Amino acid sequence: MLFFSYFKDLVGREVTVELKNDLAIRGTLHSVDQYLNIKLENTRVVDQEKYPHMLSVRNCFIRGSVVRYVQLPPDGVDVELLHDATRREARGG
């Protein structure tokens with residue numbers, strides 16, 4: 001639940017999602033659910049020469065199981081909040 005609540009705070013921010021098939025999509029985070037399925041709006045492909053068929057895609061739904069990485073905006077990371085939350089989970093509370 002730590003990552004789910006963290007991603008919910010990033011709704012409306014721009015993120016880059018890298019998939020397991022090496023496709024990287026940048027867009028505005030519209031929603032995320034408890035399975036870390038992600039919905040992006042105003043999307044664009046990072047490597048447009050490699051994936052020209054994706055140029056017309058503007059909104060997409062990404063299944064959480066195919067996500068390799070999510071790159072967050074630098075100002076969107078609250079390191080202290082993450083440290084506190086991981087310590088609480090490690091203690092079981």
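Just so it is clear, the structure is predicted and the values come from calculations on it, not from any experiment. We number each residue from 1, following the sequence as shown.
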Measure the [atom1]-[atom2] distance between [X] and [Y] for me, rounded to the nearest 0.5 Å.
X     : Y     : atom1 : atom2 : answer
Arg13 : Thr28 : CZ    : OG1   : 10.5 Å
Leu36 : Ile38 : CG    : CD1   : 7.0 Å
Tyr51 : Ile25 : OH    : CD1   : 9.5 Å
Cys60 : Glu41 : SG    : CD    : 10.0 Å

Say whether, by atom type as modelled, one donor and one acceptor occur between the side chain of Lys20 and the main chain of Ser65 under 3.5 angstrom. yes
Can Val17 be reached from Tyr69 by stepping across I, L, V, M, F, W or Y side chains whose heavy atoms are under 4.5 Å apart? no
Hey, does [Y] have a side-chain heavy atom less than 4.5 Å from the side chain of [X]?
X     : Y     : answer
Ile62 : Leu19 : yes
Val46 : Thr16 : yes
Thr43 : Arg26 : no
Leu40 : Val15 : yes
Leu72 : Phe7  : yes

Are more than 12 heavy atoms, taken from residues, nucleotides or ligands other than Phe61, located less than 6.0 Å from that residue's CZ atom? yes
Not counting sequence neighbours, which residues clear side-chain hydrogen bond (donor to acceptor under 3.5 Å, both in side chains) with Asn37? List them please. Asp33
Determine the minimum heavy-atom distance between Val67 and Val70, stating which atoms define it. CG1-CG2, 3.8 Å
Would Met54 and Leu23 count as a side-chain contact (heavy atoms from CB on, under 4.5 Å) if you check the C-alpha gap in whole Å, the side-chain angles of each, and the deciding distance to 0.1 Å? CA-CA 10 Å; Met54 294 293 292; Leu23 173 64; 4.0 Å; yes
Pairs touching residues 44-68 that satisfy salt bridge (Lys or Arg N to Asp or Glu O under 4.0 Å), sequence neighbours left out: Glu14-Arg44, Glu18-Arg68, Asp22-Arg68
